[in-house]
Amino acid sequence: MNSFQKLVNDVHYRKYQIEVQPFCDDKKQARRKQNVTAKAGKPLSQRGPEASGLSGIRVLDLGRYIAAPYCAALLADQGAEVIRIEPPEGAPDRDVMPIGLEGRGALYMQVNRNKKSLALDITTDEGRGVFERLVAQSDVVMVNLPPAALKRARLDYESLKALRSDIILTTISALGFEGDAKDRTGFDGTGQALSGAMHLTGTGERPMRAAVSYVDFSTAMAAAFATVSALYERTRTGRGQHVQASLLGSAVTMTNPMLMEEASGARQREAMANRSPIAGPSDLFELRDGWILVQVIGNGMFARWARLIGREDLIDDPRFFSDLGRGENGAVLSEIMSDWCAGRTMKECLTELENARIPGCPALTPAAALRAPEIKDGGFFRNDPAPFGARGADMGLPVVTGAIRTAAAMANAGHPAPELGADSHELLTRFGFGSEEIRKLTSPPSARVRAAKLGGSDRPPKGGERKCLD
């Protein structure tokens with residue numbers, strides 16, 4: 001039995017021992033709910049041969065936007081059951097980067113693939129009660145909130161541990177875990193700006209943010225790794241824990257070598273557009289029909305490059321004896337390479353570079369990237385159907401699911417990001433709720449408001465207030 005099989009068996013063994021606390025006093029109803037709960041999952045040893053990876057692990061995803069949702073998506077890719085919980089009216093991150101699907105933008109489709117959707121307002125007394133029952137039957141809760149906000153929302157580790165002693169809480173904050181800034185909010189750009197990265201990006205006239213949210217995505221990857229580590233540790237100790245990650249922590253990880261240079265007094269880095277500071281020529285060069293990125297690293301490759309362009313004299317030039325020297329004098333090398341590229345087409349340049357075993361590739365637009373054979377044939381994408389998409393019924397969305405390959409991920413057929421509340425009825429039934437409870441919990445918000453005005457039981461929170469977890 002491998003480690004993950006032991007992990008899943010151990011998870012479900014403890015899951016059967018949980019005593020479900022019913023909302024009613026009816027003992028028969030309580031026993032029925034306990035039986036349903038026990039059937040929510042089986043130990044891996046009793047499941048089919050297709051069960052693998054994180055199959056059997058249940059994750060409650062309260063994350064929004066990128067970092068926490070993508071972390072949860074990575075776990076879903078590996079077979080975990082991930083339940084996205086959001087208010088019945090939907091969370092604001094659903095429409096980011098619209099693609100013609102109501103309530104499902106491009107970002108939502110990417111970071112919520114392979115998940116289930118439960119529409120639940122956990123800021124109400126009733127919703128909170130449901131959430132607590134779900135926590136008692138889950139393995140991981142994932143949230144992106146700073147410490148003070150976690151405590152206010154009763155999503156801190158101590159609150160959740162009281163519901164399940166071995167729960168794992170994974171939280172992602174903006175600015176870390178200590179100091180006066182720990183409770184401030186922030187986004188990907190916050191990490192880029194505070195880490196020094198924006199000062200090193202661009203041409204130097206002004207700090208520049210990277211177009212892609214690398215801080216968010218790298219934080220998600222690190223948090224997913226740490227969450228799996230915590231699950232593995234739980235198989236040996238029986239204890240849960242609080243896993244913490246932050247956007248700023250990931251950002252300073254990326255700029256750490258530059259920060260060490262600065263601290264040592266060795267040098268102060270400045271922006272140099274696309275040129276590399278540690279080797280050369282390594283830059284973006286203009287051709288007759290586009291732009292090409294060429295990266296020459298190492299003495300052997302530099303010698304081949306010098307012979308390719310007819311400048312063997314550069315091999316013995318003391319300025320270019322090492323990568324460090326070539327990086328320091330990279331502007332000279334970039335100018336030489338620019339002259340060589342100027343009269344060539346992309347096809348000519350790529351052919352000559354490949355023959356010399358020097359890495360080069362075109363700088364593509366997003367549209368061209370979709371057509372590039374390296375991407376199109378690389379096995380990265382899964383085409384998710386989008387029947388109401390901007391381009392009509394036959395539209396397919398290229399969602400990257402194959403960037404990381406494991407046996408579990410390859411065996412996981414997966415499914416597109418869910419519509420709001422698509423799995424609410426099925427999930428609540430599995431968790432032991434009766435039909436009337438489910439009807440009340442899944443009724444549209446407008447119906448609940450009408451019921452409240454008529455004196456019904458579906459009342460809004462006391463005082464009419466609604467807390468926001470985003």
Side-chain angles (χ1 to χ4, degrees), residues 58-75 82-87 91-93 111-112 115 118 120-188 190-191 194 215-216 219-220 222-231 233-234 239-251 461-462 465-470:
R58 181 175 293 131
V59 180
L60 303 181
D61 176 18
L62 298 174
R64 299 293 181 262
Y65 294 101
I66 301 177
Y70 186 58
C71 175
L74 292 173
L75 302 183
V82 178
I83 302 171
R84 173 180 162 100
I85 301 176
E86 60 185 304
D93 61 343
V111 302
N112 291 288
K115 298 182 185 179
L118 173 61
L120 181 69
D121 184 358
I122 69 171
T123 67
T124 67
D125 291 341
E126 186 179 38
R128 176 71 190 191
V130 174
F131 173 69
E132 290 184 355
R133 284 174 62 174
L134 268 60
V135 172
Q137 301 174 58
S138 299
D139 303 292
V140 179
V141 176
M142 197 159 293
V143 196
N144 50 328
L145 285 175
L150 281 174
K151 203 161 189 66
R152 288 195 302 270
R154 291 180 292 160
L155 295 173
D156 57 291
Y157 180 61
E158 292 304 319
S159 295
L160 299 184
K161 185 180 178 182
L163 303 172
R164 176 165 179 149
S165 61
D166 63 351
I167 195 70
I168 292 168
L169 170 64
T170 298
T171 62
I172 297 175
S173 61
L175 300 176
F177 332 114
E178 302 172 14
D180 295 338
K182 68 179 183 294
D183 288 316
R184 282 162 44 193
T185 57
F187 297 94
D188 181 277
T190 309
L194 288 176
V215 175
D216 274 326
T219 304
F225 162 76
T227 301
V228 173
S229 178
L231 285 166
E233 181 177 336
R234 192 176 69 173
R239 294 191 298 269
Q241 61 178 282
H242 184 186
V243 173
Q244 301 179 73
S246 73
L247 302 181
L248 186 55
S250 299
K462 293 178 180 178
E465 295 180 356
R466 181 179 189 84
K467 299 175 184 176
C468 181
L469 298 179
D470 303 322

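Quick caveat: nothing in here was measured; it's all calculated off a predicted structure.
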Enquirer: Would you confirm whether Asp166, through its side chain, and Gly240, through its main-chain N or O, come within 3.5 Å as a donor-acceptor pair?
Expert: no

Enquirer: Counting distance only, does the side-chain N/O of Arg164 pair as donor-acceptor with the main-chain N or O of Ser138 below 3.5 Å?
Expert: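 Side chain of Arg164 to backbone of Ser138: a pair is present.
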
Enquirer: Please report the interatomic distance CG(Leu75) to OH(Tyr70), rounded to the nearest 0.5 Å.
Expert: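 It comes to 11.0 Å.
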
Enquirer: Could you tell me whether Arg84 and Asp93 make a salt bridge, using a distance below 4.0 angstrom between a side-chain N and a carboxylate O?
Expert: yes

Enquirer: Could you check whether any side-chain N or O of Glu86 sits under 3.5 Å from a backbone N or O of Ala91, counting only pairs where one atom can act as donor and the other as acceptor?
Expert: yes

Enquirer: Can you give me the closest heavy-atom contact between Ala224 and Leu74, atom names plus distance?
Expert: CB-CD1, 3.9 Å

Enquirer: Could you check if a side-chain atom of Phe131 sits within less than 4.5 angstrom of a side-chain atom of Thr124, using non-hydrogen atoms only?
Expert: no

Enquirer: Without swapping roles, check the side chain of Asn144 against the backbone of Arg64 for a donor-acceptor pair under 3.5 Å.
Expert: yes

Enquirer: Test your reading of the model: is there a side-chain donor-acceptor pair from Ser165 to the backbone of Lys161, 3.5 Å cut-off?
Expert: no

Enquirer: Find the distance between CG (Asp61) and CD1 (Ile85) and round it off to the nearest 0.5 Å.
Expert: 8.5 Å

Enquirer: Can you check whether Val135 reaches Leu60 side chain to side chain, under 4.5 Å on heavy atoms?
Expert: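 Side chain of Val135 against side chain of Leu60, heavy atoms only: contact under 4.5 Å found.
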
Enquirer: Do the side chains of Met142 and Cys71 get nearer than 4.5 Å, heavy atoms only?
Expert: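 They are in side-chain contact.
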
Enquirer: Can you find a heavy atom in the side chain of Thr190 that is under 4.5 Å from one in the side chain of Thr185?
Expert: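 SC-SC contact between Thr190 and Thr185 ruled out.
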
Enquirer: Between Arg234 and Ile167 (side chain of the first, backbone of the second, donor and acceptor by atom type, cut-off under 3.5 Å), is there such a pair?
Expert: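 No.
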
Enquirer: Within the 3.5 Å criterion, strictly below it, is a donor on Asp216 or Thr219 matched to an acceptor on the partner's side chain?
Expert: no

Enquirer: How far apart are the C-alpha atoms of Val140 and Thr227, what are their side-chain angles, what is the distance that settles it, and do they pass the side chain to side chain contact (heavy atoms under 4.5 Å, CB included) test?
Expert: CA-CA 8 Å; Val140 179; Thr227 301; 4.0 Å; yes

Enquirer: Got a sec: does the NZ of Lys182 have more than 12 other heavy atoms crowding it under 6.0 Å?
Expert: yes

Enquirer: Go through the side-chain N and O atoms of Ser246 and Ser173 and say whether any donor and acceptor fall under 3.5 Å apart.
Expert: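 Absent: no donor and acceptor within the cut-off.
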
Enquirer: Is a donor on one side and an acceptor on the other found under 3.5 Å between the side chain of Lys115 and the backbone of Pro69?
Expert: yes

Enquirer: Measuring only between side-chain heavy atoms, which start at C-beta, is Val243 closer than 4.5 Å to Thr171?
Expert: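 A side-chain contact under 4.5 Å is absent here.
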
Enquirer: To the nearest 0.5 Å, how far apart are OG1 in Thr170 and CG in Leu62?
Expert: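 That separation rounds to 11.5 Å.
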
Enquirer: Going by heavy atoms in the side chains, are Val143 and Leu150 under 4.5 Å from each other?
Expert: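 They are in contact (side-chain heavy atoms under 4.5 Å apart), so the answer is yes.
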
Enquirer: Does Glu126 form a salt bridge (Lys or Arg N to Asp or Glu O under 4.0 Å) with Arg128? I'd like the steps, not just the answer.
Expert: CA-CA 5 Å; Glu126 186 179 38; Arg128 176 71 190 191; over 6 Å; no

Enquirer: Do you know the tightest heavy-atom contact between Ala174 and Gly186?
Expert: CB-N, 3.4 Å

Enquirer: Report the relative orientation of the aromatic rings in Tyr65 and Phe187; use parallel for angles under 30°, tilted for 30 to 60°, perpendicular for over 60°.
Expert: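 Plane angle over 60°, so perpendicular.
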
Enquirer: How about CZ on Phe225, more than 12 heavy atoms from neighbouring residues, nucleotides or ligands closer than 6.0 Å, or not?
Expert: no

Enquirer: Surrounding CZ of Arg184 (heavy atoms of other residues, nucleotides or ligands, distance under 6.0 Å), is the total greater than 12?
Expert: no

Enquirer: Where do Ile172 and Ala223 come nearest, in terms of heavy atoms and distance?
Expert: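 Nearest heavy atoms, Ile172 then Ala223: CD1-CB, 4.0 Å.
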
Enquirer: With rounding to the nearest 0.5 Å, note down the distance linking CD1 in Ile122 to CZ in Arg154.
Expert: 9.0 Å

Enquirer: How many angstroms lie between CG in Leu169 and CG in Leu155, if you round to the nearest 0.5 Å?
Expert: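 If we round to the nearest 0.5 Å, Leu169:CG and Leu155:CG are 8.0 Å apart.
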
Enquirer: To the nearest 0.5 Å, what is the distance between CG on Leu145 and NZ on Lys151?
Expert: 14.0 Å

Enquirer: With side chains defined as the heavy atoms from C-beta onward, is the minimum distance between Leu175 and Leu247 less than 4.5 Å?
Expert: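 Heavy-atom side-chain distance check fails, nothing below 4.5 Å.
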
